[in-house]
Amino acid sequence: MPVLYLVGTPIGNLEDISQRALRTLKEVDLIAAEDTRNSGRLLKHYDIATPMVSFHEFSKPERIDDLVEQLFSIDIALISDAGMPTISDPGYKLVTAAIEAGITIVPIPGPSAAVAALVASGLPTDAFLFLGFLPRQSAARRESLSEVANIPYTLVIFESPHRFRALLEDIRTVLGDRIISVSRELTKLYEETWRGEVNEALGYFEEGRVRGEITIVISGASQEASRWDEVAVQTAMNELMDEGISRKDAASKVAERSGWKRRDVYNLSLSKN
């Protein structure tokens, strides 16, 4: 029975690829790559001549249908631009379709920026929550952060350089001045991991200073931090009501996440208007 292999590839340093991954990429009949130009450099480096086809977030549904159809007769390896396919990557759509078609799925483990940053952060690793990329708009981003504000697990987030400081501001507003670790350019020439509090990070990472892919690791909520302060509650209320949600319904939503009683949230909102 043909197999869909999920092959982990380097996140920077080309030496970070397993012998099993290299052998698989050589032996399969086809490689589905997020970016054939980027993956082509990896294959050329290791003298791998396996045919490639592009598969990315803008691929039409017909591409998935075609790949699944081919999987009934050939082996295919799925790779992303960097790291494990399907992690903040459209490859999961192909995996889901292949599973529904009864295709065997075999992962070939490899590098992961999320795990690399986590283990280098110095923060607890026994329980963590990977959030990937948060929404681009600040209001939606703060909503996402508020949903995990009371979770005691370490949080792991991806972000691009041009939204990095805005994300730090939202983290400070919603989660408070927590301990964080910022890793960028992991495994590459200018790799850096910075550790400290959010306020310190805003002072250290000046506007325009940060380049490269960024992974932020955030300490989980402590028992003392599980209850939001008034500013966080009022900010959340304002954002929900700005979206057209009634004060009553907004108070219920905020109460579920803030550690406050609904009545107290509602009354605070009234007192600030």
Side-chain angles (χ1 to χ4, degrees), residues 1-12 14 16-116 128-137 140-141 143-144 147 156-160 163 186-187 213-215:
M1 180 69 179
V3 174
L4 175 61
Y5 293 96
L6 312 181
V7 182
T9 56
I11 59 176
L14 293 182
D16 293 336
I17 189 168
S18 71
Q19 292 298 311
R20 184 185 177 199
L22 291 174
R23 176 177 57 78
T24 300
L25 292 175
K26 291 178 180 179
E27 293 180 352
V28 295
D29 302 287
L30 182 67
I31 296 172
E34 184 177 4
D35 186 330
T36 55
R37 292 169 299 178
N38 181 67
S39 297
R41 290 190 286 271
L42 173 67
L43 300 188
K44 182 178 180 180
H45 182 82
Y46 286 105
D47 196 26
I48 298 173
T50 305
M52 277 194 298
V53 63
S54 64
F55 179 74
H56 47 74
E57 63 177 319
F58 301 110
S59 293
K60 295 181 179 179
E62 290 80 8
R63 177 53 57 88
I64 295 179
D65 295 339
D66 177 61
L67 289 171
V68 171
E69 183 66 27
Q70 292 189 67
L71 277 165
F72 285 105
S73 57
I74 65 173
D75 291 334
I76 297 178
L78 175 65
I79 61 177
S80 67
D81 278 351
M84 287 298 295
T86 82
I87 304 298
S88 287
D89 171 83
Y92 79 92
K93 297 178 182 178
L94 176 58
V95 174
T96 299
I99 291 172
E100 292 176 351
I103 302 297
T104 299
I105 309 294
V106 175
I108 310 294
S112 168
V115 174
F128 65 93
L129 179 61
F130 174 64
L131 300 175
F133 287 95
L134 297 184
R136 296 186 178 189
Q137 299 301 318
R141 194 162 54 233
E143 175 70 13
S144 294
E147 291 174 355
V156 183
I157 298 173
F158 287 160
E159 190 52 279
S160 61
R163 288 195 299 271
L186 285 169
T187 80
E213 298 298 324
I214 301 167
T215 306

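Keep in mind the model is a prediction, meaning the values are calculated, not measured.
For the pair Ile64 and Phe55, the minimum side-chain heavy-atom distance is below 4.5 Å. A heavy-atom distance below 4.5 Å is found between the side chains of Phe72 and Ile103. Contact of the Leu30 side chain with the Val53 side chain is registered, since non-hydrogen atoms from C-beta on lie closer than 4.5 Å. Counting heavy atoms from C-beta outward, Ile74 and Pro2 have side chains that stay 4.5 Å or more apart. Within the 4.5 Å cutoff, the side chain of Glu62 has no heavy atoms near those of the Asp66 side chain. For the pair Ser54/Arg63, a side-chain contact is recorded, criterion being any heavy-atom separation below 4.5 Å from C-beta on. The closest side-chain heavy-atom distance from Pro109 to Arg20 is below 4.5 Å. Under the 4.5 Å side-chain criterion, counting only non-hydrogen atoms from C-beta, Leu94 is not in contact with Ile76.
Residue Val68 comes nearest to Ala97 through the heavy atom pair CG2-CB, 3.9 Å, listed as atom of the first residue, atom of the second, then distance. Across Glu34 and Pro90, no two heavy atoms sit closer than the pair OE2-CD, 4.3 Å. Closest of all the heavy-atom pairs between Pro85 and Val7 is CD-O, 3.3 Å. Residues Met52 and Ala33 share a closest heavy-atom pair of SD-CB, 4.0 Å. Nearest heavy atoms, Pro10 versus Pro111: CA-CG, 4.0 Å. The shortest heavy-atom contact between Leu134 and Ser144 is CD2-CB, 4.1 Å.
Judged purely by atom type and a 3.5 angstrom limit, Ser39 has no side-chain atom pairing as donor or acceptor with the backbone of Thr36. A distance-only check finds no donor-acceptor pair linking the side chain of Tyr46 to the backbone of Lys26 [under 3.5 Å]. Proximity of a side-chain donor or acceptor of Asp29 to a complementary backbone N or O of Asp75 within less than 3.5 Å is detected.
The salt bridge (Lys or Arg N to Asp or Glu O under 4.0 Å) pairs that include a residue from residues 36-46 are Asp35-Arg37, where partners are two or more places apart or lie in different chains.
Residues meeting the side chain to side chain contact (heavy atoms under 4.5 Å, CB included) test with Phe130, sequence neighbours left out: Ile87, Ser88, Ala114, Val156, Phe158.
Tyr92 OH: 12 or fewer foreign heavy atoms inside a 6.0 Å radius. In the displayed structure, Glu213 atom CD is contacted under 6.0 Å by at most 12 heavy atoms of other residues, nucleotides or ligands.
Separation of atoms CG (Leu22) and NE2 (His45) is listed at 9.0 Å; rounding is to 0.5 Å. For the atom pair NE2 of His56 and CG of Asp81, the computed distance is 10.5 Å after rounding to the nearest 0.5 Å. One finds the NZ atom of Lys93 at 12.5 Å from the OG1 atom of Thr86 (value rounded to the nearest 0.5 Å). With values rounded to the nearest 0.5 angstrom, Leu78 atom CG is found 12.0 Å from Ile108 atom CD1. Atom CD1 of Ile157 sits about 12.0 Å away from atom CD1 of Ile214, to the nearest 0.5 Å. The CD1 atom of Ile31 sits 4.5 Å away from the CG atom of Leu25 when rounded to the nearest 0.5 Å.
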(message) Show, in sequence, the C-alpha distance, side-chain angles and deciding distance for Ile99 and Ile105, and conclude whether the side chain to side chain contact (heavy atoms under 4.5 Å, CB included) test is met.
(response) CA-CA 7 Å; Ile99 291 172; Ile105 309 294; 3.7 Å; yes
